[in-house]
Amino acid sequence: MTAWSGTTSQLHTAFRDRTSTTMKAATLQQLQEFADQLGQPAAGAIADEPRKASERAEALLEAARAQNTAAAADDDIVDGEVVEDEEQPKPTAKALRDLGVWFGEAGVTIHTGKGSAAKNDEARFAWIVEHLGVDVTSTKDLSAERVDTGVKLLMQQAAARRKDLQQRIVNVWSDLDGNNQQLSAAFEQHMEKPVGEATNADLAAFLQKLSNSEVTPGGGQ
């Protein structure tokens with residue numbers, strides 16, 4: 001503004017012709033480049049007298065302040081459209097039970113023994129923050145939609161974990177010179193259920209038995 005000798009309308013027109021955008025929508029880089037080009041004849045009418053650098057800087061700062069104000073207003077609008085979880089439908093008791101089951105199947109809550117409750121809570125709520133984007137102290141505080149989303153994500157993680165556990169079991173069993181038929185029989189014997197009915201927790205427990213040599217192809221325990 002301080003380097004322009006024409007009218008404001010002419011300034012806006014010149015800026016739009018030069019940058020293909022408006023001063024209001026322009027980036028700071030576009031404003032800076034246009035200000036630098038005001039000393040060139042192609043920029044249009046300019047004042048003859050030299051301008052202080054502080055005047056140009058102030059003009060750029062004012063444009064930046066205007067952009068920041070507009071951005072803040074946009075953020076306020078976006079924030080205003082967000083519906084808090086407490087305003088959304090709450091999950092059913094069954095949905096919360098399912099969520100708890102899949103936390104275990106996905107390997108999020110796998111701690112047992114003394115102090116396991118606190119460790120599992122820490123892992124559960126850290127997962128919720130990372131994957132659902134909310135910080136809660138109870139799964140009851142989640143909306144029904146977030147619980148549904150969480151269950152779907154956990155099911156995907158559980159499927160990947162199941163494949164990993166199965167492959168690790170096969171690898172350890174092979175290292176012990178066992179065959180697949182022996183493996184299925186050993187699993188059913190020691191876990192008291194067919195492999196097809198096993199949970200990920202069952203697979204993890206069986207893998208631990210193999211790793212500790214509690215189960216061997218020879219049938220020892």
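Index from 1, following the sequence. Keep in mind it's a predicted model, so treat the numbers as computed, not measured.
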Practice task
Measure the shortest side-chain to side-chain distance between Glu105 and Leu154 over non-hydrogen atoms and say whether it is less than 4.5 angstrom.
Solution key: no
Problem - From Ile128 atom CD1 to Thr137 atom OG1, the distance as rounded to the nearest 0.5 Å - result: 10.0 Å
Practice task
Evaluate the side-chain proximity of Gln166 to Val170: yes if any heavy-atom separation is below 4.5 Å, no if none is.
Solution key: no
Practice task
Keeping the roles fixed (side chain from Lys90, backbone from Asp141), state whether a donor-acceptor pair exists under 3.5 Å.
Solution key: yes
Problem - Side chain to side chain, Gln157 and Arg161, heavy atoms closer than 4.5 Å - result: no
Exercise for the section: Determine yes or no for a side-chain-to-main-chain donor-acceptor pair under 3.5 angstrom, with Asn120 supplying the side chain and Ser116 the backbone. Expected result: yes
Problem - Listed partners of Arg16 passing salt bridge (Lys or Arg N to Asp or Glu O under 4.0 Å), at least two apart - result: none
Problem - Pairwise distance NE2(His111) to NZ(Lys119) - rounded to 0.5 angstrom - result: 6.5 Å
Practice task
Give a yes or no on whether the backbone of Thr27 and the side-chain of Gln30 come within a donor-acceptor separation of less than 3.5 Å.
Solution key: yes
Problem - Expected output: side-chain Gln88 to main-chain Ser143 donor-acceptor under 3.5 Å - result: no
Practice task
Taking the side chain as every heavy atom from C-beta outward, state whether Phe15 and Thr21 have any pair of such atoms under 4.5 Å apart.
Solution key: yes
Handout entry: Pairs meeting criterion salt bridge (Lys or Arg N to Asp or Glu O under 4.0 Å) with involvement of residues 172-194, two or more places apart
Key = Lys193-Asp202
Problem - Crowding at CD, Glu122 (>12 non-hydrogen neighbours, <6.0 Å) - result: no
Problem - N/O donor-acceptor pair under 3.5 Å between Trp173 side chain and Asn179 backbone - result: yes
Exercise for the section: Report yes if some heavy atom in the side chain of Leu11 is under 4.5 Å from a heavy atom in the side chain of Phe34; otherwise report no. Expected result: yes
Completion exercise
In this structure, OG of Ser174 is separated from CG of Asn180 (nearest 0.5 Å) by 7.0 Å
Practice task
Check whether any side-chain N or O of Ser184 sits under 3.5 Å from a backbone N or O of Gln181 as a donor-acceptor pair, and report yes or no.
Solution key: no
Practice task
Check whether any side-chain heavy atom of Asp135 lies under 4.5 Å from a side-chain heavy atom of Phe125, and answer yes or no.
Solution key: no
Completion exercise
To the nearest 0.5 Å, atom CD of Glu214 lies from atom CZ of Phe206 at 10.5 Å
Problem - Exercise: identify the closest heavy-atom pair between Pro194 and Phe187 - result: O-CE2, 4.0 Å
Exercise for the section: Look at the rings of Phe103 and Trp127 and say which category their plane angle falls in: under 30° parallel, 30 to 60° tilted, over 60° perpendicular. Expected result: perpendicular
Problem - ILVMFWY cluster, Leu99 and Met155 together (side-chain gap under 4.5 Å) - result: yes
Exercise for the section: Examine Val215 and Leu176 and state if one hydrophobic cluster contains both, with Ile, Leu, Val, Met, Phe, Trp and Tyr joined whenever side-chain heavy atoms are less than 4.5 Å apart. Expected result: yes
Completion exercise
Output for pair (Thr139 OG1, Arg97 CZ), nearest 0.5 Å, gives 12.0 Å
Practice task
For the residue pair Met191 and Leu203, establish whether any side-chain heavy-atom pair is separated by less than 4.5 Å.
Solution key: no
Exercise for the section: Please tell me if the side chains of Ile169 and Leu210 come closer than 4.5 Å, counting only heavy atoms from C-beta onward. Expected result: yes
Problem - Joint hydrophobic cluster, Leu96 plus Leu153, side-chain heavy atoms closer than 4.5 Å - result: yes
Problem - Under-4.0 Å salt bridge between Arg124 and Asp121 - result: yes
Practice task
Just do the side-chain contact (heavy atoms from CB on, under 4.5 Å) check on Val134 and Leu142 with the steps written out, would you?
Solution key: CA-CA 8 Å; Val134 290; Leu142 295 171; 3.5 Å; yes
Handout entry: hydrophobic_cluster_shared for Val136 and Val129, side chain cutoff 4.5 Å
Key = no
Exercise for the section: Without swapping roles, check the side chain of Arg146 against the backbone of Leu132 for a donor-acceptor pair under 3.5 Å. Expected result: yes
